[in-house]
Amino acid sequence: MCKIGSPLLSFLLCSLCTPLQPQKYRKALALCQSIFSNSFDDFCNAEDKIKELAGLVYAQKETKVALNNLHSVISDPHQLKNYVPARENELNIMTLHKSKGLEFNIVFHMDMYKWIIPNEFGDESSVQQDLNLHYVGLTRAKDACYIMNGTARFRNKKNDYIFAEPSLFLSKPGLAERRKDVRWEM
């Protein structure tokens with residue numbers, strides 16, 4: 001059995017605006033079991049069941065664009081593999097936004113540079129949003145969170161390298177005491 005449904009199933013059943021009626025809920029669970037018990041190779045044959053499930057969960061959201069996108073993903077094995085969870089010997093690479101609600105044994109929190117996170121050009125509200133996002137990144141780790149910084153960072157717009165100052169978030173009370181700096185020399 002393939003784990004293709006784990007994140008999608010959680011999303012479908014946990015992100016409902018209003019709870020499903022018991023009969024619809026049982027039908028949705030049965031459809032999920034049927035859809036996600038397929039092997040990866042057989043998953044593309046589940047399009048009708050996925051449409052039926054989507055109709056139960058998001059009846060008012062069915063559009064021609066959504067159905068075309070669904071068909072496009074399901075009929076293309078390369079695209080479909082983007083939705084399969086990583087195996088034990090693989091990495092998940094995602095944005096902080098995409099990581100919300102997920103947990104991993106080890107997290108590498110990248111690009112913790114001044115001006116990147118937080119975006120210090122923003123107002124107080126945007127800095128608070130960045131702080132919340134930073135918190136999301138830190139709390140995805142079950143065992144360890146590595147905060148990655150370099151001594152220089154590349155600016156794509158100017159095609160150059162500049163000195164990389166650590167993010168102001170790294171000196172927040174409570175985090176600084178828990179950090180252990182490890183420096184790698186090249």
Side-chain angles (χ1 to χ4, degrees), residues 1-112 116-117 119 122 125-126 128-148 156:
M1 184 188 309
C2 143
K3 295 184 194 174
I4 194 164
S6 318
L8 182 57
L9 175 60
S10 298
F11 170 76
L12 286 173
L13 296 179
C14 296
S15 67
L16 299 172
C17 296
T18 57
L20 286 176
Q21 300 161 352
Q23 183 180 3
K24 284 186 176 181
Y25 182 76
R26 283 191 290 279
K27 178 69 174 171
L29 281 177
L31 283 166
C32 286
Q33 288 173 339
S34 174
I35 292 166
F36 299 124
S37 63
N38 288 323
S39 70
F40 180 77
D41 294 331
D42 293 333
F43 190 76
C44 59
N45 298 326
E47 185 172 350
D48 290 336
K49 290 178 182 176
I50 293 171
K51 287 178 188 175
E52 186 178 352
L53 177 61
L56 286 171
V57 178
Y58 295 112
Q60 70 279 9
K61 299 287 184 180
E62 184 178 313
T63 66
K64 193 171 205 146
V65 172
L67 293 175
N68 286 341
N69 288 342
L70 172 65
H71 180 73
S72 172
V73 169
I74 288 178
S75 62
D76 181 350
H78 180 71
Q79 282 191 49
L80 189 57
K81 287 185 181 188
N82 290 325
Y83 296 92
V84 177
R87 293 186 208 126
E88 289 294 319
N89 63 344
E90 295 178 330
L91 294 174
N92 282 302
I93 299 174
M94 65 188 71
T95 65
L96 292 170
H97 292 92
K98 291 277 186 183
S99 72
K100 288 181 184 176
L102 302 175
E103 283 188 326
F104 304 95
N105 292 333
I106 299 172
V107 169
F108 292 89
H109 197 356
M110 311 287 285
D111 288 342
M112 291 301 301
I116 302 294
I117 185 165
N119 175 357
S125 172
S126 69
Q128 184 60 45
Q129 287 176 356
D130 285 346
L131 181 60
N132 293 342
L133 205 51
H134 173 58
Y135 176 81
V136 165
L138 293 175
T139 58
R140 299 308 89 205
K142 291 191 255 181
D143 299 325
C145 179
Y146 294 93
I147 299 172
M148 310 297 288
N156 202 32

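- Taken to the nearest 0.5 Å, the CG atom of Asp111 stands 12.5 Å off from the CD1 atom of Ile147.
- Atom CG of Asn89 has more than 12 neighbouring heavy atoms from other residues, nucleotides or ligands inside a 6.0 Å radius.
- Residues passing the ring-ring contact (aromatic ring centres under 6.0 Å, His included) test with Tyr146 are Phe108, sequence neighbours excluded.
- For residues 89-100, every residue pair satisfying the salt bridge (charged side-chain N to carboxylate O under 4.0 Å, His left out) rule, not counting sequence neighbours, is listed here: Arg87-Glu90.
- Residue Cys145 comes nearest to Leu138 through the heavy atom pair SG-CD2, 3.8 Å, listed as atom of the first residue, atom of the second, then distance.
- Distance check, rounded to the nearest 0.5 Å: OG1 of Thr139 to NE2 of His134 gives 10.0 Å.
- Rounded to the nearest 0.5 angstrom, Ser126 OG and Leu131 CG are separated by 11.5 Å.
- Proximity of His97 to Val136: side-chain heavy atoms (C-beta onward) are nowhere separated by under 4.5 Å.
- The closest donor-acceptor contact from the side chain of Arg140 to the backbone of Leu102 lies under 3.5 Å.
- Atoms NE2 and CG, on His109 and Leu133 in that order, are 7.5 Å from each other to the nearest 0.5 Å.
- Rounding to the nearest 0.5 Å places CG of Asn132 at 11.5 Å from CG of Leu96.
- The distance from the CG atom of Leu53 to the CG atom of Asp48 is 12.5 Å, given to the nearest 0.5 Å.
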